[in-house]
Protein chains: 2
Amino acid sequence: MATMTAAEKKAEAKTQYNAFLAACPSQQVLARVSGKWVTLVMSALGSGPDCTGEPRPMRYSELARVLAGVSPKMLSQTLKSLERDGLVTRTVVATVPVTVSYELTDLGLSLHGTVRQLKLWSEAHRDDVAAHQDRFDARTIPA
Amino acid sequence: MATMTAAEKKAEAKTQYNAFLAACPSQQVLARVSGKWVTLVMSALGSGPDCTGEPRPMRYSELARVLAGVSPKMLSQTLKSLERDGLVTRTVVATVPVTVSYELTDLGLSLHGTVRQLKLWSEAHRDDVAAHQDRFDARTIPA
DNA sequence: CAGTATCCACTTAGATACTG
DNA sequence: CAGTATCTAAGTGGATACTG
């Protein structure tokens with residue numbers, strides 16, 4: 001039906017693009033890393049509670065304390081996805097009550113290192129960005 | 001009122017944490033970069049339509065064509081936020097009808113380079129991650 | 001051409017309460 | 001201690017129609 005051709009072509013183009021999007025490596029990492037808590041969990045695990053130390057394993061409750069404000073749901077969800085991706089290990093010690101500790105894998109550590117690069121960029125350019133924002137807002141809002 | 005103390009302490013801790021979160025540089029870049037279209041726009045502008053060329057300016061409609069499936073709303077919104085952050089420039093040429101072109105700034109180019117690192121990590125480790133996911137799912141789902 | 005305006009759908013995160 | 005279950009709020013992206 002010729003009447004559908006335009007819409008069909010559009011839909012098809014979009015499907016193809018979504019496929020490309022889904023396959024795009026940078027999109028995948030970005031999606032993984034951009035969850036609200038994932039970088040914070042990885043930071044805690046990768047640099048200690050104060051983000052300035054050595055990588056070390058931490059327990060669930062310790063993470064919950066360090067990441068003040070995280071709900072059990074989000075912490076659990078975040079840790080599970082990181083475990084699924086092979087970025088952290090989950091170790092259960094059969095004490096009573098049970099003890100669970102989480103630790104970055106080598107893979108997780110390497111991603112942490114890469115994300116650190118982004119962080120360094122941010123620290124290096126945050127003033128730049130803020131200045132641009134101010135100028136932009138000054139030009140657009142007051143009108 | 002003593003009955004509110006626990007809730008108050010919790011709220012305060014959360015406020016403090018949100019402040020930390022807001023101040024955390026890596027969170028800021030992540031938030032900026034993780035919009036669905038921002039890396040795609042930056043890629044198009046930074047590597048040409050096929051992601052393998054040189055940085056060059058592109059027009060609104062050209063971006064809309066290359067990023068098949070993007071709505072005018074999202075493209076406009078994405079470009080505006082990138083412009084606000086000083087990552088792209090918006091140039092209006094007073095032809096008729098009007099012509100607008102967008103181009104990465106040096107700042108935008110440098111962020112593009114940093115994000116490229118993430119992309120390289122992803123390409124290097126995607127099989128690793130997929131393998132972990134498969135093993136994880138195999139262990140958890142079939143139970 | 002280069003957007004803006006409006007309305008809707010979906011995903012994501014948080015609060016809260018309960019369990020092995 | 002280490003979570004799970006449920007419900008709700010909020011933010012984010014999409015479809016569509018219209019404008020300077």
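Every chain is numbered from 1, with letters handed out A, B, ... down the list of sequences. From a predicted model like this one, the values you see are computed outputs, not experimental measurements.
- Residues that satisfy the side-chain contact (heavy atoms from CB on, under 4.5 Å) test with B:S26, not counting sequence neighbours, are A:K119, B:C24.
- When the side-chain contact (heavy atoms from CB on, under 4.5 Å) test is applied to B:T89, the partners found at least two apart in sequence or on another chain are B:T91, B:E103, B:T105.
- When the side-chain contact (heavy atoms from CB on, under 4.5 Å) test is applied to A:V96, no partner is found at least two apart in sequence or on another chain.
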In residues 35-42 of chain B, what donor-acceptor pairs under 3.5 Å come from side-chain atoms, sequence neighbours left out?
| unit_1 | atom_1 | unit_2 | atom_2 | d |
| --- | --- | --- | --- | --- |
| B:T39 | OG1 | A:Q27 | OE1 | 2.5 |

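- For the side-chain contact (heavy atoms from CB on, under 4.5 Å) test, residues two or more places apart in sequence or in another chain that qualify with B:V100 are B:R90, B:V92, B:V98, B:Y102.
- Qualifying salt bridge (Lys or Arg N to Asp or Glu O under 4.0 Å) partners for B:R32, counting only residues two or more places apart in sequence or in other chains: B:D85.
- For residues 58-73 of chain A, the set of pairs meeting the side chain to side chain donor-acceptor pair (under 3.5 Å) definition, not counting sequence neighbours, comprises A:R56-A:E62.
- Both key distances under 3.5 Å define a Watson-Crick or G-U pair, and stretches of 3 or more such consecutive pairs in DNA chain D run C:1-20 with D:1-20.
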Listed pairs, N/O of protein and of nucleotides 1-3 of chain C, under 3.5 Å:
| unit_1 | atom_1 | unit_2 | atom_2 | d |
| --- | --- | --- | --- | --- |
| C:dC1 | O3' | B:R59 | NH2 | 3.3 |
| C:dC1 | O3' | B:V98 | O | 3.4 |
| C:dA2 | OP1 | B:R59 | NE | 3.2 |
| C:dA2 | OP1 | B:R59 | NH2 | 3.4 |
| C:dA2 | OP1 | B:V100 | N | 3.1 |
| C:dA2 | OP2 | B:S61 | N | 3.0 |
| C:dA2 | OP2 | B:S61 | OG | 2.7 |
| C:dG3 | OP1 | B:R90 | NE | 3.3 |
| C:dG3 | OP1 | B:R90 | NH2 | 2.5 |
| C:dG3 | OP2 | B:Y102 | OH | 2.5 |

Seminar exercise, completed: A correct 5'-to-3' footprint of nucleotides 9-14 of chain C, with B, S and - meaning base, sugar-phosphate only and no protein heavy atom under 4.0 Å, is ----BB
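- D:dT12 atom P lies 15 Å from atom CG of A:L30, rounded to whole Å.
- Rounded to an integer number of Å, the gap from CG of B:L75 to C1' of D:dT12 is 16 Å.
- Residue B:R126 qualifies as enclosed at atom CZ: its count of foreign heavy atoms under 6.0 Å is above 12.
- Every residue two or more places apart in sequence or in another chain that forms a ring-ring contact (aromatic ring centres under 6.0 Å, His included) with A:H125 is listed here: A:W121.
- Applying the salt bridge (charged side-chain N to carboxylate O under 4.0 Å, His left out) definition to pairs two or more places apart or across chains, none involves residues 37-46 of chain A.
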